[in-house]
Amino acid sequence: MKAFGPIPPGFEAIDGELVISGRKVSDIANEAGGTPLFVYARELLEKRMADLRAAMPEQLSIHYAVKANPFGPLLGTMAGLADGFDIASAGELEMALAAGMAADRISFAGPGKRDAELEAAITAGATLNLESPTEARRVLAIAERIGATPRLAIRVNPAFELRGSGMKMGGGAKPFGMDEALVAPLAREIIASGAEWRGLHIFAGSQSLDSAALIEAQANTLALAALLTDEIGAPLPHLNMGGGFGIPYFPKDEALDIASIGIALGERFADLPHALKDTHFAIELGRYLVGEAGVYLSRVVDRKESHGATFLVTDGGMHHVLAVSGNFGSVVRRNYPIAIATRFDAEAEEEVTVVGCLCTPLDRLGDEVMLPRAEVGDIVAIFATGAYGASASPSAFLGQGPAREILV
Ligand SMILES: *Cc1c(COP(=O)(O)O)cnc(C)c1O
């Protein structure tokens with residue numbers, strides 16, 4: 001038997017069945033037209049943001065990283081909850097604008113932005129977080145050609161990194177941002193060109209459950225921003241301090257202690273270096289805001305035995321939840337939180353391996369987990385799948401097609 005990750009708070013059973021936003025999952029699946037289906041709970045999105053705001057200093061803006069989940073109705077909700085969106089492509093720019101986010105609250109980072117994407121962002125009035133001096137030159141040339149004033153920030157590749165983070169995106173040689181030594185000369189060039197100087201973006205890592213490591217990274221970020229601002233010699237309007245707040249996925253993972261992060265940041269804000277006295281601060285979070293509000297539902301289509309093991313075969317799979325199968329940046333496969341949604345309060349009584357419908361041994365959704373006995377027709381729920389699920393999985397694999405998605 002192998003353990004599985006913790007089921008997030010906010011889910012309960014009515015008549016033995018999992019309910020999301022007060023509704024039974026079988027009713028939600030009927031309304032959506034069937035399984036496989038991602039269900040996102042609006043009330044959990046709202047609660048997460050409210051709790052986070054209560055923990056963080058008031059002057060800190062909270063941005064949503066659209067990459068985590070760009071589903072239209074969810075983005076519409078997030079546009080009303082977040083202070084800004086961070087995007088990484090012209091496709092996400094269109095989605096962000098369609099969701100109702102104002103262009104001047106959108107910032108666009110990401111390596112390899114094409115000229116057409118740069119032009120779309122300049123025209124819309126979004127901030128471009130420049131990833132290299134050559135990208136900066138392309139932006140300035142495009143802005144001059146179309147007669148627009150671009151809003152520009154510089155993404156820094158910090159020399160430090162977020163200790164123990166799931167995906168490292170700072171420290172050492174990286175394709176993201178530019179090395180510290182390149183920043184001040186380029187910033188001065190941008191200011192001299194007449195572009196609108198928006199400030200710095202420093203993102204040090206992702207998926208951390210270690211509040212001490214995040215507090216340390218934020219302190220390093222503020223110190224680096226102050227140093228660079230002194231070097232640039234002009235006020236810093238805005239600092240995007242990155243994010244990195246993680247959520248529990250696996251056995252023994254514990255929820256992040258946001259209260260201690262908020263207190264530490266409040267103390268820093270009360271004692272800012274002179275260079276940052278008039279700076280506006282933001283953090284950018286993806287999975288922390290939406291991950292635990294999402295549940296992936298698939299239905300059992302077969303139940304079979306092989307050499308003493310029981311397999312539940314569902315109509316879902318890794319083509320929708322690549323990370324659950326352990327194939328999205330994980331070194332070892334571990335079990336996400338999983339349940340039989342249609343027997344949510346029943347005792348676990350048998351060890352099963354839950355697989356998807358793809359003809360590959362990689363397609364595992366729950367490996368040797370103890371669950372209530374399930375039959376064909378039962379619904380399996382996999383939790384913590386609101387981020388990097390539908391849009392980060394190869395839905396065309398084996399001709400299966402995308403999952404349904406619904407916000408309730
Ligand atoms: C991916 C990404 C994020 C979001 O990361 P999460 O782990 O989902 O919070 C934020 N900022 C940047 C620059 C990113 O690349």
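Just follow the structure's listing: the first ligand is 1, and inside any ligand the first atom is 1. Given the structure is predicted, the values throughout are model-derived calculations rather than measurements.
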Check your understanding: Is the shortest distance from a heavy atom of F203 to ligand 1 less than 4.0 Å?
Key -> yes

Review point. Is ligand 1 less than 4.0 angstrom away from at least one heavy atom of F176?
Key: no

Practice item. May I ask you to identify, for K67, whether its side chain, its backbone, both or neither come under 4.0 Å of ligand 1 on a heavy-atom basis? Key: side chain

Review point. Heavy-atom contacts under 4.0 Å between A65 and ligand 1: side chain, backbone, both, or neither?
Key: side chain

Practice item. Kindly indicate, with the supporting measurements, whether the criterion ring-ring contact (aromatic ring centres under 6.0 Å, His included) is fulfilled by F176 and F203. Key: CA-CA 9 Å; F176 310 106; F203 181 79; 8.5 Å; no

Point to revise | Under 4.0 Å to a heavy atom of S206 - the qualifying atoms of ligand 1, by number | key: 5 (O), 6 (P), 7 (O)

Point to revise | Selected option - heavy-atom contact closest to atom 4 (C) of ligand 1, from F245, Y64, Y388 | key: Y388

Check your understanding: Would you say the side-chain atoms of S211 pair up with the backbone N or O of S260, donor to acceptor, closer than 3.5 Å?
Key -> no

Check your understanding: Taking only residues two or more places apart in sequence or in another chain, which ones pass salt bridge (Lys or Arg N to Asp or Glu O under 4.0 Å) with R343?
Key -> D378

Review point. Do Y336 and F250 have their ring centres less than 6.0 Å from each other?
Key: yes

Exercise for review: Compute the shortest N/O to N/O distance between E284 and ligand 1 and return yes if it is under 3.5 Å, no if not.
Suggested key: yes

Review point. Does any N or O atom in R287 lie less than 3.5 angstrom from one in ligand 1, N or O only?
Key: yes

Check your understanding: Is the closest side-chain heavy-atom distance between F11 and F383 below 4.5 Å?
Key -> yes

Review point. With the threshold set at 4.0 Å, does a side-chain nitrogen-carboxylate oxygen contact exist between R155 and E135?
Key: no

